[in-house]
Number of protein chains: 2
Amino acid sequence: MQDHLSQTFAALSDPTRRAMLAQLSKGKANVSDLAKPFLKAMSLPAITKHLQVLEKAGLISKTREAQWRPCELNGAPLKNISDWMEQYREFWEESFDRLEVYLKTVTSKKIMKEKKHGRKK
Amino acid sequence: MQDHLSQTFAALSDPTRRAMLAQLSKGKANVSDLAKPFLKAMSLPAITKHLQVLEKAGLISKTREAQWRPCELNGAPLKNISDWMEQYREFWEESFDRLEVYLKTVTSKKIMKEKKHGRKK
DNA sequence: TTTATATTTAACTAATTGGTTAATTAATAT
DNA sequence: ATATTAATTAACCAATTAGTTAAATATAAA
């Protein structure tokens with residue numbers, strides 16, 4: 001998993017891990033807090049592994065407090081993704097703007113045509 | 001690969017695929033155009049597979065023109081990522097703002113102290 | 001009809017991923 | 001000292017991924 005950006009994208013490509021980040025966005029949480037919503041679906045070692053993936057990607061950091069391991073969200077890798085996304089902004093905004101632009105285009109063409117010919121059809 | 005968002009993140013977690021998207025952001029390109037920068041590093045079938053991953057994630061669409069397969073970039077899945085990112089904006093902006101905020105804090109504390117006591121140290 | 005170009009499919013492989021259960025470590029409480 | 005709670009590690013497994021080479025398909029050109 002060569003580069004940082006790839007590692008971050010890979011870490012985010014799992015719904016369990018994204019849900020963990022969502023919980024951490026509400027504040028610091030222990031491993032068992034983070035595990036709770038998933039313990040019907042998977043074991044605690046599976047949770048540990050998911051958290052290790054997030055930690056290696058730098059998306060969270062784990063500290064120590066007695067036998068607990070409070071985790072917190074780190075924004076930096078998300079900043080890298082956001083920066084990478086920037087170069088595609090025109091493309092993902094386009095999917096919204098396409099209709100609006102199209103309408104403006106046909107409207108102004110119609111207006112120009114009307115100006116040229118005095119009327120339409 | 002359950003959900004769309006996971007599929008998109010997974011597709012983006014590879015530098016070859018991201019480079020292909022970068023090229024497509026400059027305009028439509030055939031498979032062989034997209035392959036060119038990588039043919040020293042991998043075979044053509046490998047390229048085909050990467051493009052299939054991008055296509056299944058909806059990030060590109062392939063059309064037919066004689067024996068060529070022109071590909072173009074689709075912004076919609078990137079919009080989904082951008083929307084998902086929004087909920088973490090405070091965290092990834094924080095990594096920038098932290099120092100600025102800190103400096104403002106100590107500065108205003110210093111000013112308040114100076115006002116209270118007439119001077120500092 | 002053969003040949004050349006562009007691309008994909010098939011069959012295979014090694015490495016990685018996401019999960020498991022059982023055992024282990026770390027810290028606290030009895 | 002022992003038991004309890006929190007979390008990790010080890011060893012294993014099945015599915016997926018990212019690549020390979022060889023063969024096949026699609027279209028155009030000679």
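So that the names make sense, note that chain A is the first sequence line, chain B the second, and so on, each numbered from 1.
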All pairs passing ring-ring contact (aromatic ring centres under 6.0 Å, His included) where residues 44-84 of chain A contributes a residue, at least two apart: A:F9-A:W84, A:W84-A:Y88
Does any residue of residues 52-62 of chain A have a heavy atom under 4.0 Å from DNA chain C, and if so, which ones, in number order? none
At under 4.0 Å between heavy atoms, how does the protein contact nucleotides 20-30 of chain C? Give one character per nucleotide, 5' to 3', with B, S or -. BBB----SS--
Contact list for DNA chain D against residues 10-39 of chain A - heavy-atom distance below 4.0 Å: A:N30, A:V31, A:S32
Which residue pairs pass the salt bridge (Lys or Arg N to Asp or Glu O under 4.0 Å) test when at least one of the two sits in residues 31-52 of chain A, sequence neighbours left out? none
Excluding sequence neighbours, so at least two apart, what forms side chain to side chain contact (heavy atoms under 4.5 Å, CB included) with B:T48? B:Q52
Residue list, side chain to side chain donor-acceptor pair (under 3.5 Å) with A:N74, at least two apart or on another chain: A:S61
Test of understanding: with side chain to side chain donor-acceptor pair (under 3.5 Å), list the residues that count as partners of A:S6, not counting sequence neighbours. A:D3, B:R18
Any side-chain N or O of B:H50 below 4.0 angstrom from OP1/OP2 of D:dT17? no
Round to a whole Å and report the spacing from NZ of A:K40 to C1' of C:dG19. 19 Å
State which residues pass side chain to side chain contact (heavy atoms under 4.5 Å, CB included) with B:S43; sequence neighbours excluded, sorted by chain then number. B:P45, B:A46
With a cut-off of 3.5 Å and sequence neighbours excluded, list every side-chain donor-acceptor pair involving residues 21-28 of chain A.
| unit_1 | atom_1 | unit_2 | atom_2 | d |
| --- | --- | --- | --- | --- |
| A:S25 | OG | A:A22 | O | 2.6 |

Excluding sequence neighbours, so at least two apart, what forms salt bridge (Lys or Arg N to Asp or Glu O under 4.0 Å) with B:E65? none
Can you check whether B:R17 reaches B:L12 side chain to side chain, under 4.5 Å on heavy atoms? no
Sequence neighbours left out, what passes salt bridge (Lys or Arg N to Asp or Glu O under 4.0 Å) with B:K62? Give chain and number order. B:E55
